[in-house]
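Just so you know, ligand 1 is whichever comes first in the structure, and atom 1 is the first atom listed for that ligand. The basis for the numbers below is simple: all heavy atoms, side chains too, and nothing from hydrogens, waters or symmetry mates. Fair warning: this is a prediction, and the values are worked out from it, not measured in the lab.
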Amino acid sequence: MFLPSNFWSNLPQVELQKDDTHVWYISLQASTHDLSYFSQLLNEEEKKRAAKFHFEKHRIHFTVARAVMRILLGKYLNKEAREVQFYYQERGKPYVQELIHFNISHSGDRALFAVNKNYELGVDIEFMRDNVSCEQIATRYFSQTEIIELAKTTNKKLAFFRGWSRKEAYIKAIGDGLTMPLASFYVPLMATENLSIHHNDPRTWGLWNLEVGENYTGAIVVQTLNTNIRKYTYDG
Ligand SMILES: CC(C)(COP(=O)(O)OP(=O)(O)OC[C@H]1O[C@@H](n2cnc3c(N)ncnc32)[C@H](O)[C@@H]1OP(=O)(O)O)[C@@H](O)C(=O)NCCC(=O)NCCS
């Protein structure tokens with residue numbers, strides 16, 4: 001289950017062990033009351049960004065995701081949510097000056113936030129909507145091996161979205177975002193265990209599948225093969 005908004009105001013301090021990666025499953029649905037609580041945690045620049053969204057749904061999702069990211073980082077860093085200061089890499093990846101790595105992703109009305117003390121990481125969640133031309137998009141963006149794998153798979157929607165979220169998690173871990181050609185590396189599309197990325201990067205990157213509920217899929221990439229992925233949901 002995904003964490004409801006009233007959970008956040010009472011969250012205790014959280015300890016992050018050096019061998020662990022924490023992944024938080026977050027619901028972006030918020031009542032008017034929750035939204036005003038979340039909004040006041042944002043800085044002026046973030047409030048301006050929220051105000052620019054054309055659709056209210058997107059404004060709410062951005063506000064909740066950003067506020068929860070502040071709350072969680074505050075808990076790990078022993079700071080107030082409002083005191084967390086974000087900096088941005090060249091391609092927009094947010095970071096803080098303290099020794100902690102994190103990344104967030106949102107899709108539909110859900111988000112995943114991941115954090116690790118020692119290793120860079122990227123996370124991605126995808127709502128698996130219908131009416132997506134999976135094979136057409138794959139032909140344009142996926143590597144040759146992935147395109148062949150997709151053609152052989154019966155559940156094309158699942159294979160496509162799993163592949164897409166794994167690829168996004170990787171480019172987000174590196175920080176390049178979509179400026180990195182998605183066809184320049186390979187991820188398995190359907191397997192869920194013992195996943196690895198085939199790429200030219202001399203650094204080690206571990207890939208894990210994340211089960212994020214019906215109609216969603218998720219993935220995390222961490223710059224190590226040796227970390228325990230611990231999921232935080234409402235049920236504990
Ligand atoms: C990173 C990227 C792939 C995210 O795609 P997405 O599917 O829309 O979004 P997700 O929900 O998975 O992730 C969004 C979050 O990732 C983080 N993020 C932003 N840029 C990032 C990057 N380059 N690498 C990793 N994470 C990034 C942010 O926290 C963002 O949340 P926010 O929009 O609420 O601030 C896409 O935005 C991208 O390619 N950006 C790079 C574009 C670029 O080169 N910009 C240069 C000028 S800033």
Are [X] and [Y] close enough that their ring centers fall under 6.0 Å?
X: Phe53; Y: His61; result: no
X: His199; Y: Phe185; result: no
X: Phe142; Y: Phe160; result: yes
X: His22; Y: Tyr76; result: yes
X: Tyr37; Y: Trp8; result: no
X: Tyr95; Y: Tyr88; result: no
X: Tyr232; Y: Tyr25; result: no

Would you mind telling me if ligand 1 is within reach of the side chain of [X], the backbone, both or neither, using heavy atoms under 4.0 Å?
X: Glu46; value: neither
X: Phe62; value: side chain
X: Thr179; value: side chain

Close N or O approach ([X], ligand 1; < 3.5 Å):
X: Glu126; answer: no
X: Arg66; answer: yes
X: Val123; answer: no
X: Glu90; answer: no
X: Glu168; answer: yes

How close does the nearest protein non-hydrogen atom get to [atom], and which residue and atom is it?
atom: atom 10 (P) of ligand 1; answer: Lys172 NZ, 3.5 Å
atom: atom 31 (O) of ligand 1; answer: His106 NE2, 3.7 Å
atom: atom 19 (C) of ligand 1; answer: Gly92 O, 3.3 Å
atom: atom 27 (C) of ligand 1; answer: Lys93 CA, 3.7 Å
atom: atom 26 (N) of ligand 1; answer: Asn103 ND2, 3.1 Å
atom: atom 41 (C) of ligand 1; answer: Arg91 O, 3.5 Å
atom: atom 36 (C) of ligand 1; answer: Leu178 CD1, 4.5 Å

With heavy atoms of Asp124 as the reference, note each atom of ligand 1 found under 4.0 Å away.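 Every atom of ligand 1 under 4.0 Å from some heavy atom of Asp124: 12 (O).
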Number the atoms of ligand 1 from 1 as they appear, then name those within less than 4.0 Å of a heavy atom of Gly175, with their elements. 22 (C), 23 (N), 24 (N)
Is any heavy atom of the protein nearer than 4.0 Å to [atom]?
atom: atom 16 (O) of ligand 1; value: yes
atom: atom 33 (O) of ligand 1; value: yes
atom: atom 2 (C) of ligand 1; value: no

Taking only residues two or more places apart in sequence or in another chain, which ones pass ring-ring contact (aromatic ring centres under 6.0 Å, His included) with Trp208?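 For Trp208, no residue satisfies ring-ring contact (aromatic ring centres under 6.0 Å, His included) once neighbours in sequence are set aside.
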ILVMFWY network linking Trp164 to Ile197, side-chain heavy atoms under 4.5 angstrom: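 Shared cluster, yes.
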For Pro94 and Met69, which heavy atoms make the closest approach, and how far apart are they? CG-CE, 4.3 Å
Distance-minimising heavy-atom pair for Leu195 and Pro188: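 It is CD2-CG, 3.8 Å.
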Indicate every side-chain donor-acceptor pair of residues 124-139 with a distance under 3.5 Å to a residue at least two apart or in another chain.
residue : atom : partner : partner atom : Å
Asp124  : OD1  : Ser105  : OG           : 3.3
Asp130  : OD1  : Lys157  : NZ           : 2.6
Thr139  : OG1  : Glu135  : O            : 2.6

Check the pair Glu120 / Arg203 against side chain to side chain contact (heavy atoms under 4.5 Å, CB included), numbers first and verdict last. CA-CA 11 Å; Glu120 196 50 90; Arg203 293 169 291 182; over 6 Å; no
Contact check, Pro94 vs ligand 1, heavy-atom distance below 4.0 Å: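 The answer is yes, since Pro94 has a heavy atom less than 4.0 Å from ligand 1.
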